[in-house]
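Down below is the structure, laid out as structure tokens.
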Amino acid sequence: MQAPPTSSAPPTAPRRHRRSKAVGFAALAVSLLMAFPTAQSAFGDETAELPGGGDLGPNVLVFDPSTPDIQGKVDEVFKKQESNQFGTDRYALMFKPGTYDNINAQIGFYTSIAGLGLNPDDTTFNGDVTVDAGWFDGNATQNFWRSAENLALNPVSGTNRWAVSQAAPFRRMHVKGGLNLAPDGYGWASGGYIADSKIDGEVGPYSQQQWYTRDSSIGGWGNGVWNMTFSGVEGAPAQSFPEPPYTTLDNTPVSREKPFLYLDGDDYKVFVPAKRTNARGTSWGNGTPQGESIPLDQFYVVKPGATAETINAAVDQGLHLLFTPGVYHVDQTIDIDRADTVALGLGLATIIPDNGVTAVKVGDVDGVKLAGLLIDAGTTNSESLIEVGPEGSSANHSDNPTSLQDVFVRVGGAGAGKATNGLVVNSNDTIIDHTWLWRADHGDGVGWETNRSDYGLTVNGDNVLATGLFVEHFNKYDVQWNGENGKTIFFQNEKAYDAPNQAAIQNGDIKGYAAYKVADSVTTHEGWGMGSYCYFNVDPTIRQQHGFQAPVKPGVKFHDLLVVSLGGQGQYDHVINDTGSPTSGTDTIPSQVVSFP
């Protein structure tokens, strides 16, 4: 049962248990986009040069304040996408700088909305950007795969509603009022993520189980259920875990905001924000943000029909990558081995590896930016879906790290898919900023062996930082961390629901694989605001020895950990190693340990 709401929550807000998360996946096969016509010119003696720039395709809808019937066009997309969690359509709704009156942009599956100004206040809605859960009887726990970025809102009622769960970032937004993170009626919700945003009023999470807010400014925070974590947030509540469950860091050690498309006059460019250290507050609040603008003609604009061979040729040629909304099957790995390459997806652009290849590999080079991409496992097992740095990577990238932002992985759900590892990070100093790595618990092609995936995230590099780490349902370790001096700020996890019995998850003499395992060889590691939940609905008698496992060493530290038995479907014996009280009974109540060791 959820923690009691504070007085800011309506007294009628229901208590609830976490549901068995029925998660739909888009069936990734067909796109409405046409292949980009590539008029080619000579490049060297034998290689044709690929053109940079070009149009953004029919599934990027661009509006200006004079566009007729904006509301009707936005409603048409929402009608298609509201409950289309198994669909193949992808959309990006882009708004040129200016003021838009009487807008209520409801955002459904695989839909991104964004302003095209350099700053959020360049594009203002006198209206709302709304996510609600009427399509699912007021339950927001399936409101995944959508985003809002780079807009200013004057909400009609004074408060904007953004009732989401995983993989639904709210970035670089200015809400000139309050923000409600719960659905109408205050039903269930399991979010979420805010970054680089300014909320003038109060944020009300209400029924949200957990939330992470980074490098932002808020007018206040209403309440907490299990795990509310803040880093670098002006106006954040004071540290107080576990009652109320607030984990608050004054600053974020290292951060770099997500690249974004914008208009400089009539010219499209991609702005790449600069790295920040000990960040606090937004990157744009004091005027022009720090970073680099890259003209669109330096990007290969990728459209469905493009092959991995062509994409790799574009990278080799020196172009960045802009994936338009669509679905991309690749029969060979997309290799990004050039420093500072940007690979940015619009509208939840989705890549599916065929024939067991790894979808994307990044070299052991400086400053690659992967952002806005969904990687979906293919039917033939891949050793990994994303690999950052080859095995044995050793270069120092502290001045210019590679970053992954809103890069999501899923295995199964749209059909049978397999991958031994979701994401493998071998490069030092990598920043993982908001990811949801998900082995499907619902949909097509789901079963203990049908969508087998043993490991969600494996970190072998040193000095890797994860901010906003969501990893769920893998067959063995959801996270295994082998590198030195790793840091995680906020972690959300559910163990695999579908374990058939205790023997299936036995890990030597340990009952179950930890959600988050730090290797015995590691001497320095630190984590803040981290939770693991179990819901063993096939065999509710399963016991998980602990949610977290780590060596007992002075340099290994955890702050504000919790484990939860969801509705009593399985139990934890401890929180970390053999420390922390067990869960028990049928009440969904956290078992908490404030620090370790």
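Quick note: residue numbers are just sequence positions, from 1. Bear in mind the structure is a predicted one, so any value in this text is a computation, not a measurement.
Partners of Arg256 by salt bridge (charged side-chain N to carboxylate O under 4.0 Å, His left out), not counting sequence neighbours: none found. Applying the side-chain contact (heavy atoms from CB on, under 4.5 Å) criterion to Arg276, with sequence neighbours excluded, gives Asp215, Ser255, Glu257, Ala279, Ser283. Residues satisfying the side-chain hydrogen bond (donor to acceptor under 3.5 Å, both in side chains) criterion with Gln480, sequence neighbours excluded, are Thr458. With sequence neighbours excluded, the residues that form a salt bridge (charged side-chain N to carboxylate O under 4.0 Å, His left out) with Asp132 are Arg161. Residues passing the salt bridge (charged side-chain N to carboxylate O under 4.0 Å, His left out) test with Asp196, sequence neighbours excluded: Arg172. Residues passing the side-chain hydrogen bond (donor to acceptor under 3.5 Å, both in side chains) test with Lys487 are Asn485, sequence neighbours excluded. With sequence neighbours left out, the side-chain contact (heavy atoms from CB on, under 4.5 Å) criterion links Asp578 to Gln545, His574. For Thr213, the side-chain contact (heavy atoms from CB on, under 4.5 Å) partners are Ile194, Trp211, Ser216, Trp221, Phe230, Val233, not counting sequence neighbours. The side-chain hydrogen bond (donor to acceptor under 3.5 Å, both in side chains) check on His174 picks up Asp121, Asp200, with sequence neighbours excluded. In this structure, the salt bridge (charged side-chain N to carboxylate O under 4.0 Å, His left out) partners of Glu149, at least two apart in sequence or on a different chain, are Lys258. When the side-chain contact (heavy atoms from CB on, under 4.5 Å) test is applied to Val522, the partners found at least two apart in sequence or on another chain are Glu484, Val518, Ala519, His525. For Asp560, the side-chain hydrogen bond (donor to acceptor under 3.5 Å, both in side chains) partners are Gln239, Thr247, not counting sequence neighbours.
We find that Asp454 and Arg452 are joined by a salt bridge, their nearest charged nitrogen and carboxylate oxygen being less than 4.0 Å apart.
When Phe490, Tyr193, Trp436 are each tested for a ring-ring contact (aromatic ring centres under 6.0 Å, His included) with Phe470, only one passes: Phe490. Between Phe109 and the choices Phe144, Trp135, Tyr91, the ring-ring contact (aromatic ring centres under 6.0 Å, His included) rule is met once, by Trp135.
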Where do Leu404 and Val388 land on the side chain to side chain contact (heavy atoms under 4.5 Å, CB included) test, with the steps shown first?
CA-CA 9 Å; Leu404 292 78; Val388 180; 3.9 Å; yes
Under the criterion side chain to side chain contact (heavy atoms under 4.5 Å, CB included), I'd like the reasoning laid out for Val459 against Val424: C-alpha separation, chi angles, the key distance, then a yes or no.
CA-CA 6 Å; Val459 178; Val424 178; over 6 Å; no
Start with the C-alpha distance between His546 and Tyr572, add both sets of side-chain angles, then the distance that settles ring-ring contact (aromatic ring centres under 6.0 Å, His included), and finish with yes or no.
CA-CA 6 Å; His546 42 232; Tyr572 292 90; 9.1 Å; no
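Remark: aromatic rings of Tyr513 and Tyr477 are close, center separation under 6.0 Å. Tyr186 and Tyr206 have their aromatic ring centers within a separation under 6.0 angstrom. Residues Phe408 and His434 bring their aromatic ring centres within 6.0 Å. Checked against the 6.0 Å centroid threshold, Trp528 and Phe491 do not count as a close aromatic pair.
At a threshold of 4.5 Å between non-hydrogen side-chain atoms, the residues Arg439 and Glu472 do not count as touching. The shortest distance between side-chain heavy atoms of Val254 and Ile431 falls below 4.5 Å. Counting heavy atoms from C-beta outward, Leu469 and Val479 have side chains that approach closer than 4.5 Å. Side-chain contact between Asn160 and Asn180 is absent, with no heavy atoms from C-beta onward closer than 4.5 Å.
Counting only N and O atoms by type, the side chains of His442 and Gln142 include no donor and acceptor under 3.5 Å apart. Ser165 and Ser190 share no side-chain donor-acceptor pair at under 3.5 Å. The closest side-chain donor-acceptor pair between Gln571 and Thr583 falls under 3.5 angstrom.
For Arg90 and Tyr110, the positive end sits near the middle of the six-membered ring, less than 6.0 Å away and at most 45° from its axis. Remark: Arg410 is positioned above the aromatic ring of Trp145, its terminal NZ or CZ atom under 6.0 angstrom from the ring centre and at most 45 degrees off the axis.
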